[in-house]
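Fair warning: this is a prediction, and the values are worked out from it, not measured in the lab.
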Amino acid sequence: MQLIPSVCTNLYCPESRKSIDAFRKTAHFLAGKGLRAMEFYHDGDGMDKVGGVLQEAGLEGVFIAVIALKERPAHLCATDPAHRAEAVALAREMLDRAAGNGIKTVMVNSGRMEPGMEAAGMEALAQSIELLYNYKIRKHLDIALELEPCDSGIDARQLVGPWRRTLALAQTLEGRGVELRLTMDSAHTAEEFEDFLSAVKGVKKYCAHVHYANCFLKDSSSPLYGDKHLGYEYPDTAWTFEALDGLTGDLDALYPDDEPLMIGLEALCLEEDRFAYFDKTWARLPFLSSRLKGKGVKPNGRP
């Protein structure tokens, strides 16, 4: 595979969400390590500067509108027309913010599941994404829409969700002439009690982006249980360093030759020295870092 290594910086360096100085330091630090992209949400005073910072550092950007939608909260799958209109309006704002900074990818989520309303919610979600797609076409925004399935039964309780439901959404939209990419998250899939590799295989036609994320699921009474974005160093978790090593080999076979795959690292840093923590993590990911040496991977090598 043509690896495009990325980092979800709101977790590794939370300060970068509000501070443009922290954002700049993080971008240049990651670029120096050979990373090729930052996945982030920024709503500080320097929002209009993030595109320039990414360009300086030679990094691609993925704007995580998921954060804004969850925090509002605004659900693209809402069956209430007024609420769904609000969610679509917020997502459009995120598209405009990203476009203003030259960011080529915006990631959204489905929204929270309404009990007994799965079919209606799926149609509402499809209509919302179609509206967003038509908006970006009408405004000539050079942006790809991505959707990240989240957990449906533990914390976020999102409609999408299980990988087969995710696939059905992508197929429905494709049938309507709407292009939707998928970002498959290893923790969210584990929280669905699904096999991650099988899930990625199932949706591969639409997926050139995955998140390496971790979770603890063995004891629901533990404070670590659920979608806590644990580091890969935690024992007895779904995705340790060793497990990710094996997964990387499997994905290499699934995306052969020069097929691009962005792999985003997503773990919450609880240490005061953010960069030192990342250094420790990166040192234990040689199955990723070694692939960058002499490979000539381009920052914008995604399809």
(request) Scan for ring-ring contact (aromatic ring centres under 6.0 Å, His included) pairs involving residues 143-169, sequence neighbours excluded, and state none if there are none. (result) none

(request) Measure across Ala199 and Thr189 and return the closest heavy-atom pair with its distance rounded to 0.1 Å. (result) CB-CG2, 4.0 Å

(message) Checking His211 against Glu39: is there a side-chain donor and acceptor pair closer than 3.5 Å?
(response) yes

(message) I'd like to know if Asp43 and Arg97 make a salt bridge, using a cut-off of under 4.0 Å between side-chain N and carboxylate O.
(response) no

(request) Evaluate whether atom CG of Asp257 has more than 12 neighbouring non-hydrogen atoms of other residues, nucleotides or ligands under 6.0 angstrom away. (result) no

(message) Please list all pairs meeting ring-ring contact (aromatic ring centres under 6.0 Å, His included) that have one or both residues in residues 68-116, counting only residues at least two apart or in different chains.
(response) His75-His83

(request) Report the residues that fulfil side chain to side chain donor-acceptor pair (under 3.5 Å) with Ser222, sequence neighbours left out, ordered by chain and then residue number. (result) none

(request) Would you mind checking if Arg284 and Glu233 are paired as a salt bridge, meaning a charged N to carboxylate O distance below 4.0 Å? (result) no

(request) Say whether Thr166 and Tyr206, considering side chains only, have a donor N or O and an acceptor N or O under 3.5 Å apart. (result) no

(message) Would you say CG of Asp219 has more than 12 non-hydrogen atoms from neighbouring residues, nucleotides or ligands within 6.0 angstrom?
(response) yes

(request) Kindly give the heavy-atom pair with the smallest separation between Ala78 and Glu114, and that separation in Å. (result) CA-OE2, 3.5 Å

(request) Kindly write out the residues that satisfy side chain to side chain donor-acceptor pair (under 3.5 Å) with Gln55, not counting sequence neighbours, or none if the list is empty. (result) none

(request) Could you tell me whether the side chain of Leu288 reaches within less than 4.5 Å of the side chain of Pro5, counting heavy atoms only? (result) no

(request) Sequence neighbours left out, what pairs pass salt bridge (charged side-chain N to carboxylate O under 4.0 Å, His left out) with at least one residue falling in residues 61-84? (result) Arg17-Glu71, Arg72-Glu86

(message) Check Glu259 with Lys204, please: is the shortest side-chain N to carboxylate O separation under 4.0 Å?
(response) yes

(request) Using only heavy-atom distances, determine whether the side chains of Thr183 and Glu146 contain a donor-acceptor pair under 3.5 Å. (result) yes

(request) Sequence neighbours left out, what pairs pass ring-ring contact (aromatic ring centres under 6.0 Å, His included) with at least one residue falling in residues 31-72? (result) Phe23-Phe40, Phe23-His42, Phe40-Phe63, Tyr41-Phe63

(request) Looking only at non-hydrogen atoms, find the nearest pair between Glu130 and Leu173 and report the distance. (result) N-CD2, 4.4 Å

(message) Out of the candidates Arg274, Lys25, Arg24, only one should pair with Glu15 under the salt bridge (charged side-chain N to carboxylate O under 4.0 Å, His left out) rule; please name it.
(response) Arg274

(message) Students often mix this up, so state it plainly: with edges at 30° and 60°, are the rings of Trp282 and Phe278 parallel, tilted or perpendicular?
(response) parallel

(message) So which atom in Leu251 and which in Leu197 form the shortest heavy-atom distance, rounded to 0.1 Å?
(response) CD2-CD1, 4.2 Å

